[in-house]
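Whatever order the structure lists ligands and atoms in, that order sets their numbers, starting from 1.
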Amino acid sequence: MLKVLTIDGPSGSGKGTVAKILAQKLEWDLLDSGALYRLVAYGALKHGIELDDEQSLSELALNLDVEFRLEEGSELLIPVFEGEDVSKKIRTETCGDAASKVAALTPVRDALLDRQRAFATEAGLIADGRDMGTVVFPDAPVKVYLSASAEERAERRYNQLKSSGESVSIAAILDEIKARDARDMNREVAPLKPAADAIEIDSTHLSIDEVVNQVSDALSKVGLI
Ligand SMILES: Nc1ncnc2c1ncn2[C@@H]1O[C@H](COP(=O)(O)OP(=O)(O)OP(=O)(O)O)[C@@H](O)[C@H]1O
Ligand SMILES: Nc1ccn([C@H]2C[C@H](O)[C@@H](COP(=O)(O)O)O2)c(=O)n1
């Protein structure tokens with residue numbers, strides 16, 4: 001059986017957090033597919049490429065000069081783009097917004113497809129993103145669609161940014177989340193939606209542990225763990 005768990009859902013629903021916890025617990029590999037779109041967006045902003053220039057963006061995506069280095073003393077992978085540690089730079093709202101724009105272009109998505117599929121090995125893979133279960137790994141035996149209300153996600157993001165010392169307005173974050181949801185869900189190519197066979201989890205009133213337990217149960221049920 002293909003050893004892949006996909007977790008799709010909107011921004012701030014907790015995909016990355018749950019994926020990281022489970023990957024560490026199970027010793028499976030991790031694919032943060034959003035990071036790849038963020039890297040393309042970062043590269044475009046760095047090199048002055050317009051966010052609708054399909055030709056240049058798909059070339060950038062196809063030849064993405066990135067290496068994921070294991071951080072010393074931890075199990076975290078650091079994205080090193082064109083020789084530069086960009087782990088913090090790709091996490092800004094500007095980069096997330098730009099990533100959502102370049103991700104709506106078919107040639108960019110096509111250029112990243114093989115790179116994403118290559119992450120699946122016998123070691124097991126947890127892949128999080130927007131189209132992991134619908135497009136990239138349609139044969140994954142367990143697919144999760146993780147959601148939460150936009151208000152709850154805005155509050156989570158607000159707390160996250162506040163604790164890292166950034167001063168932000170929760171109203172502005174909510175507006176950004178709603179705009180990003182609309183773009184990711186309504187684009188023509190690989191829109192964000194649950195795969196037909198996905199387990200849907202609404203985490204609005206669930207703790208991180210409760211979500212992790214529900215996903216672990218789903219993996220046990222099919223005999224993957
Ligand atoms: N069930 C939960 N309850 C409370 N806080 C949560 C829950 N799940 C995640 N969080 C917190 O919400 C924030 C956003 O989570 P995370 O980055 O995992 O979301 P995401 O879906 O991966 O977002 P993105 O797609 O934008 O990367 C983090 O600070 C995380 O600790
Ligand atoms: N599989 C994916 C992953 C990400 N994207 C796009 C859409 C998101 O708004 C943006 C940033 O993702 P994040 O890091 O916030 O998860 O990238 C996508 O279209 N498909």
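Between Val108 and Glu54 there is no side-chain heavy-atom pair separated by less than 4.5 Å. Two residues are said to be in side-chain contact when any heavy atoms from C-beta on lie closer than 4.5 Å; Glu93 and Arg157 meet this criterion.
For ligand 2, the polar-atom distance check against Arg109 finds a nitrogen or oxygen pair separated by under 3.5 Å. Between Asp128 and ligand 2, no N or O atom pair is found at a separation short of 3.5 Å. For ligand 2, the polar-atom distance check finds an N/O of Asp131 within less than 3.5 Å of one of the ligand's N/O atoms. Between Lys15 and ligand 1, a contact under 3.5 Å exists for at least one N or O pair. Backbone and side-chain nitrogen or oxygen atoms of Arg130 are examined, and one is located within less than 3.5 angstrom of a nitrogen or oxygen of ligand 2. The distance criterion of under 3.5 Å between nitrogen or oxygen atoms is met by Gly14 with respect to ligand 1. Residue Arg157 has at least one N or O atom closer than 3.5 Å to an N or O atom of ligand 1. Checked by distance only, ligand 1 and Thr17 come closer than 3.5 Å through their nitrogen or oxygen atoms.
When the side chains of ILVMFWY residues are joined at heavy-atom separations under 4.5 Å, either directly or via intervening members, Leu30 and Leu219 end up in a single hydrophobic cluster. Hydrophobic clustering (ILVMFWY, side-chain heavy atoms < 4.5 Å, transitive): Ile21 and Leu77 are in distinct clusters. One hydrophobic cluster holds both Val4 and Leu31 under the rule that ILVMFWY side chains link at heavy-atom gaps under 4.5 Å.
The shortest heavy-atom distance from Gly9 to ligand 1 is not under 4.0 Å. Ligand 2 is approached by Arg187 to a heavy-atom distance shorter than 4.0 Å. In this structure, Glu93 falls outside the shell of residues with a heavy atom less than 4.0 angstrom from ligand 1. Contact between Gly12 and ligand 1 is present, with at least one heavy atom of the residue lying under 4.0 Å from the ligand.
For atom 14 (O) of ligand 2, the closest non-hydrogen atom of the protein is Arg38 NE, 2.6 Å. Looking from atom 28 (C) of ligand 1 to the surrounding protein, the closest heavy atom is Gln160 NE2, 3.6 Å. The protein heavy atom nearest to atom 10 (N) of ligand 1 is Arg156 CD, 3.7 Å. The protein heavy atom nearest to atom 3 (C) of ligand 2 is Ser33 OG, 3.4 Å. In terms of protein heavy-atom proximity, atom 6 (C) of ligand 2 is closest to Ala103 CB, 3.6 Å. In this structure, atom 4 (C) of ligand 2 lies nearest to the protein heavy atom Gly34 CA, 3.5 Å. Here the protein heavy atom with the shortest distance to atom 17 (O) of ligand 2 is Tyr37 CB, 3.6 Å.
There is a side-chain donor-acceptor pair under 3.5 Å between Glu84 and Tyr42. Counted by atom type alone, Gln55 and Glu59 present one or more donor-acceptor pairs between their side chains at under 3.5 Å. Side-chain contact annotation: Ser87 with Asp85, donor-acceptor N/O pair under 3.5 Å present. Inspection of the Ser13 and Arg156 side chains reveals no N or O donor paired with an N or O acceptor under 3.5 Å. With no hydrogens or angles considered, no side-chain donor-acceptor pair links Ser100 and Arg180 at under 3.5 Å.
Within ligand 1, counting atoms from 1 as listed, the ones closer than 4.0 Å to a heavy atom of Ser13 are 19 (O), 21 (O). Each of the atoms 10 (C), 11 (C), 17 (O) of ligand 2 lies under 4.0 Å from some heavy atom of Ala99. Within ligand 1, the atoms closer than 4.0 Å to a non-hydrogen atom of Pro10 are 21 (O), numbered from 1 in the order shown. Atoms of ligand 2 lying under 4.0 Å from any heavy atom of Met132, numbered from 1 in the order shown and given with element: 1 (N). Residue contact check: Gly129 has heavy atoms under 4.0 Å from atoms 1 (N), 3 (C) of ligand 2. Close contacts between ligand 1 and Leu206 involve ligand atoms 1 (N), 2 (C), 3 (N) [criterion: under 4.0 Å to a heavy atom].
With rounding to the nearest 0.5 Å, the separation of CD in Glu82 from CD in Glu67 is 13.0 Å.
No part of Arg183 comes within 4.0 Å of ligand 2, judged by heavy-atom distances. No part of Lys20 comes within 4.0 Å of ligand 1, judged by heavy-atom distances. Only side-chain heavy atoms of Asp184 come within less than 4.0 Å of ligand 2; its backbone N, CA, C and O stay farther off. Heavy atoms of Arg180 found under 4.0 angstrom from ligand 2 belong exclusively to the side chain. By the criterion of a heavy-atom distance under 4.0 Å, the backbone of Ser207, and not its side chain, is placed next to ligand 1.
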Asp217 and Lys221: CA distance, side-chain angles, deciding distance, salt bridge (charged side-chain N to carboxylate O under 4.0 Å, His left out) verdict: CA-CA 6 Å; Asp217 287 349; Lys221 244 184 217 161; over 6 Å; no

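Closest approach of Arg117 and Val136 over heavy atoms only: NE-O, 2.9 Å. Considering all non-hydrogen atoms of both residues, Gly16 and Asp128 come closest at CA-OD2, 3.9 Å. Contact detail for Ile90 and Cys95: the closest heavy-atom pair is O-CB, 3.6 Å.
Side chain of Arg153 to main chain of Ser11: a donor-acceptor pair is present (N/O by atom type, distance under 3.5 Å, no hydrogens or angles).
For atom 22 (O) of ligand 1, the nearest non-hydrogen atom from the set Gly129, Ser11, Gly16 belongs to Gly16.
Applying salt bridge (Lys or Arg N to Asp or Glu O under 4.0 Å) to Asp32 and the options Lys20, Arg91, Lys15, Arg38 leaves one that passes, Arg91.
Using a cutoff of 4.0 Å between basic side-chain nitrogens and carboxylate oxygens, Asp97 and Arg183 are scored as salt-bridged.
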